[in-house]
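Encoded as structure tokens, the structure appears first; notes follow it.
One-based numbering, in listed order, for ligands and for the atoms of each.
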Amino acid sequence: MNSYSDLHKNFSEISLPKLTEKESKELNKLKKLGITSVYSLLTYFPRGYDNRNNLKSISELSNNEYSVIKAVPISITISNSFNLKKIVKARVQDGTGIIDLTWFSSPYVAKSLKQGTEYYFIGTAKRSYGLQMVNPEYKIVSSQEKKSYSEILPIYSSSKDISQNTLRKFIKKFFNFYSSVLFENIPLNILKKYKLLSRRDSFFNIHFPKTEYLLEESKRRFAIEELLILQMGILATRYFTNLNNNNLYKLEDKKSLVKEFLSNLNFSLTTAQKRVITQIYKELSNGKITNRLIQGDVGSGKTIVSMLLLLYMVENGYQGAIMAPTEILATQHYLSNYDKFLKLGVKVELLTGSLTPKKKKELVEKITSGDVDIVIGTHSLIQENIIFKKLGLIVIDEQHRFGVEQRKAIRDKGILSNLIVMSATPIPRSLALSIYGDLDVSIIDELPPGRKPIKTKCISTKSDLNKMYTFIHSQLSENRQVYFVAPLIEESEKMALKSIYDIEEEVKIHLPNYRIGILHGKMKNAEKDSVMHDFKAHKLDIIISTTVIEVGVDVPNASIMVISDSERFGLSSLHQLRGRVGRGSHSSYCFLISKSKNENSTARMQIMESTNDGFKIAEEDLKLRKPGEIFGTRQSGLTDFKFIDIIHDVKTIQLVRDECLNYLKLNVGKINNTYLENDINEKFKNKNKI
Ligand code: ADP
Ligand code: MG
């Protein structure tokens with residue numbers, strides 16, 4: 001009789017299905033792939049599938065596509081590379097075309113392939129000096145298969161002396177032998193609610209899918225299982241910590257200042273803003289520590305939400321702080337909310353690097369004595385040794401703009417306080433976990449009413465450029481305002497300045513008689529502030545700036561954004577920049593000037609033309625770059641999710657999270673023995689190690 005605990009034991013310690021001598025030897029070889037137990041064998045999931053749907057004729061192959069072809073070798077050669085590794089090359093044809101296949105360090109391929117015999121070749125076609133496949137899998141087309149090709153075969157990562165068939169055979173054998181102890185580990189109600197395949201069926205269908213549909217369903221189930229295991233572990237820890245500390249922030253849930261603040265606004269909140277605020281008030285008032293991401297596209301109104309949260313803390317006896325990545329932004333938050341808070345008798349102060357030492361000292365003392373309610377600042381807030389009397393909430397605006405060290409400091413400060421981070425793009429789960437020790441997510445998925453999509457156009461020719469200036473002229477004469485932005489190249493401030501002055505010259509020629517302000521990183525903060533202030537007050541018509549403008553700046557009357565050398569920016573930056581316009585009720589426009597003919601940059605500019613949806617743009621950005629390049633996750637070693645796509649699956653993550661919390665509430669005290677089965681504990685331990 002097989003038992004559940006056997007799943008994790010070494011092959012040598014458990015009962016095995018009947019194996020031939022040859023098979024016993026082969027089983028031993030699997031160690032090389034890290035397969036030492038039944039569990040590691042069954043969770044050795046395929047890296048791809050050889051599917052009839054992927055079967056292509058050679059003439060149909062496209063670049064970078066994982067495909068299957070059915071073709072006949074017409075020549076097979078073997079040669080030495082410069083480092084004496086063997087290279088096998090086969091040229092194959094299928095009647096529609098010819099493709100070259102190459103295998104490195106696999107001389108046996110030359111012996112096993114036969115000219116004139118028909119094979120399936122499975123791999124990714126790449127275009128370099130014509131179409132190629134490197135190290136494709138291959139198998140002979142059997143006589144009955146010649147007619148039909150209907151099974152979906154798993155393809156595993158393997159080494160050269162372990163064939164695909166060996167792996168398939170062992171997995172099937174052990175699955176059959178042990179399937180009766182592959183217990184369900186997802187609570188029944190969740191299984192039913194989301195119509196998930198059972199664990200056993202999922203194991204079967206991920207290896208030997210009966211249909212494409214069942215394959216997808218098994219992946220969906222494993223994705224949810226993966227999330228449940230991870231989140232249940234983390235949430236359980238936090239849940240119990242909170243149970244023991246539930247008097248840390250006991251709020252009376254007063255809301256009169258909040259209501260007064262709202263009645264002074266000249267707009268009403270969107271449903272999404274209300275939903276997020278209500279949710280967080282509830283969380284803040286119930287005495288548990290909040291650790292949350294507010295995700296909302298550019299212009300969705302995150303600032304006002306954060307102000308209302310800070311005000312709520314103040315009204316209920318605490319101090320609050322909000323940290324912005326630039327002085328311009330911190331100052332803007334301060335200036336646009338100062339009056340509103342003053343009216344309510346709430347003391348708000350601005351803390352930035354440009355305070356005089358004397359002023360800073362005074363402010364720090366006030367913070368410590370509790371004489372300030374809300375501090376709006378830059379990273380000075382965490383860098384200085386500032387001690388709050390009674391800090392109840394820290395908000396981080398535009399979290400992605402802070403560097404790794406700063407994020408660490410934020411986290412360290414945030415541990416003792418409620419922490420909210422705000423961002424226009426989703427934070428990958430792995431990053432949230434590694435940096436913030438986990439975050440709940442609230443999504444503002446609605447823009448304030450009356451916003452029109454920003455029309456975006458790429459400009460690459462002189463005549464388009466002239467048309468653009470004519471158009472801008474007409475907008476300026478309707479009293480709109482315009483941003484011109486040039487990329488800032490860190491190493492070369494000089495060049496950035498030069499491009500700014502080049503733009504200024506050009507603008508003066510095309511748009512004479514308008515008032516122009518200049519912004520760049522070399523200016524003193526007071527100068528920058530005054531330029532921004534003048535632009536906001538419409539004493540300037542045009543701002544020409546480096547990317548200091550990028551983040552969060554809010555001037556609703558500005559309706560045009562012109563970005564030079566736009567190919568130099570990442571898509572997310574372009575989206576942020578574009579988000580500086582389209583904030584009022586006017587139609588808004590974005591021009592992306594780029595002379596680059598590079599395929600990748602053209603593709604990126606086209607994405608900007610085609611959508612205003614920050615979420616889509618983030619996705620596309622990821623497709624065009626590798627994840628680590630954007631989020632720095634590669635170094636953190638946390639991208640080891642098998643089934644969850646940390647970028648696209650935010651909604652699923654949230655859903656699973658809610659389910660975990662429900663489960664925890666219902667099962668306090670029982671969790672360790674009922675939910676966390678052995679293998680889950682196993683996995684959880686590994687996750688925790690990172
Ligand atoms: P972001 O989410 O990008 O930080 P902001 O908070 O800067 O966006 O808000 C963008 C603009 O929308 C601001 O001018 C703000 O005053 C305005 N705004 C925010 N909420 C609403 C609303 N509910 N109705 C109308 N305008 C709003
Ligand atoms: Mg903002």
Side-chain angles (χ1 to χ4, degrees), residues 258-259 261-278 280 292-311 322-341 376-378 395-402 420-427 441-454 480-481 483 532-533 535-538 547-559 561 572-586 588 590 612-615 617-618:
V258 165
K259 285 192 181 127
F261 186 94
L262 279 172
S263 68
N264 289 334
L265 283 183
N266 53 8
F267 53 77
S268 43
L269 297 179
T270 63
T271 316
Q273 285 171 319
K274 279 188 207 148
R275 188 188 64 236
V276 168
I277 290 173
T278 315
I280 301 179
R292 190 170 276 278
L293 162 68
I294 299 181
Q295 183 196 315
D297 205 351
V298 177
S300 61
K302 295 185 288 294
T303 315
I304 202 76
V305 168
S306 67
M307 293 301 154
L308 282 159
L309 295 172
L310 291 167
L311 183 58
I322 175 166
M323 184 162 86
T326 62
E327 288 216 24
I328 291 186
L329 193 54
T331 311
Q332 175 187 289
H333 285 340
Y334 176 74
L335 291 177
S336 55
N337 292 286
Y338 176 77
D339 289 348
K340 295 178 204 145
F341 284 133
I376 298 178
T378 56
V395 179
I396 318 281
D397 194 13
E398 307 288 352
Q399 73 83 31
H400 63 281
R401 292 292 300 248
F402 291 95
I420 286 177
V421 303
M422 306 202 290
S423 174
T425 40
I427 300 180
V441 183
S442 296
I443 300 178
I444 307 182
D445 51 4
E446 185 184 352
L447 292 179
R451 295 276 168 81
K452 297 184 186 130
I454 302 157
R480 296 288 83 75
Q481 290 163 280
Y483 296 100
M532 254 345 273
H533 193 265
F535 190 61
K536 215 164 183 165
H538 205 165
T547 35
V548 288
I549 206 83
E550 178 186 339
V551 160
V553 171
D554 187 38
V555 181
N557 188 52
S559 67
M561 167 64 67
S572 299
S573 298
L574 288 175
H575 182 61
Q576 285 273 353
L577 277 171
R578 180 169 64 179
R580 299 311 111 217
V581 297
R583 304 194 142 233
S585 51
H586 314 290
S588 297
C590 174
N612 271 287
D613 180 340
F615 207 83
I617 290 172

Under a 4.0 Å heavy-atom limit, does L269 contact ligand 1 with its side chain, its backbone, both, or neither?
backbone

Ignoring hydrogens and angles, tell me if any N or O in the side chain of S559 forms a donor-acceptor pair with the backbone of S588 under 3.5 Å.
no

Which of the atoms of ligand 1 are close to T303, meaning less than 4.0 Å from one of its heavy atoms?
4 (O), 5 (P), 6 (O), 7 (O)

Ligand 1 atoms in contact with T270 (distance to a heavy atom under 4.0 Å):
23 (N)

For ligand 1, indicate whether the residue M422 contacts it via side chain, backbone, both or neither (heavy-atom separation under 4.0 Å).
neither

Check this for me - ligand 1, P449, N or O atoms closer than 3.5 angstrom, yes or no?
no

Side chains of I420 and I280, heavy atoms from C-beta outward: is any pair under 4.5 Å?
yes

If you count the atoms of ligand 1 from 1 in the order shown, which ones are under 4.0 Å from a heavy atom of S268?
22 (C), 23 (N), 24 (N)

Tell me the contacting part of R451 for ligand 1: side chain, backbone, both, or neither, using a 4.0 Å heavy-atom threshold, strictly below.
side chain

Any heavy atom of G299 closer to ligand 1 than 4.0 angstrom?
yes

Side-chain contact, heavy-atom cut-off 4.5 Å: T331 with H533?
no

Under 3.5 Å side-chain donor-acceptor pair for H575 and D297:
yes

Report yes if P448 has an N/O atom closer than 3.5 Å to an N/O atom of ligand 1; otherwise report no.
no

Please enumerate all residues that pass side chain to side chain contact (heavy atoms under 4.5 Å, CB included) together with E446, with sequence neighbours excluded.
T270, T271, A272

Got a salt bridge between R275 and D445, using NZ or NE/NH1/NH2 to carboxylate O under 4.0 Å?
yes

Output yes when a side-chain donor or acceptor of Q576 lies under 3.5 Å from a complementary backbone atom of V298, and no otherwise.
no

Distance under 4.0 Å to a non-hydrogen atom of V298: what atoms of ligand 1 satisfy this?
3 (O)

Which atoms from ligand 1 have a heavy atom of R583 less than 4.0 Å away?
3 (O), 5 (P), 7 (O), 8 (O), 9 (O), 10 (C), 11 (C)

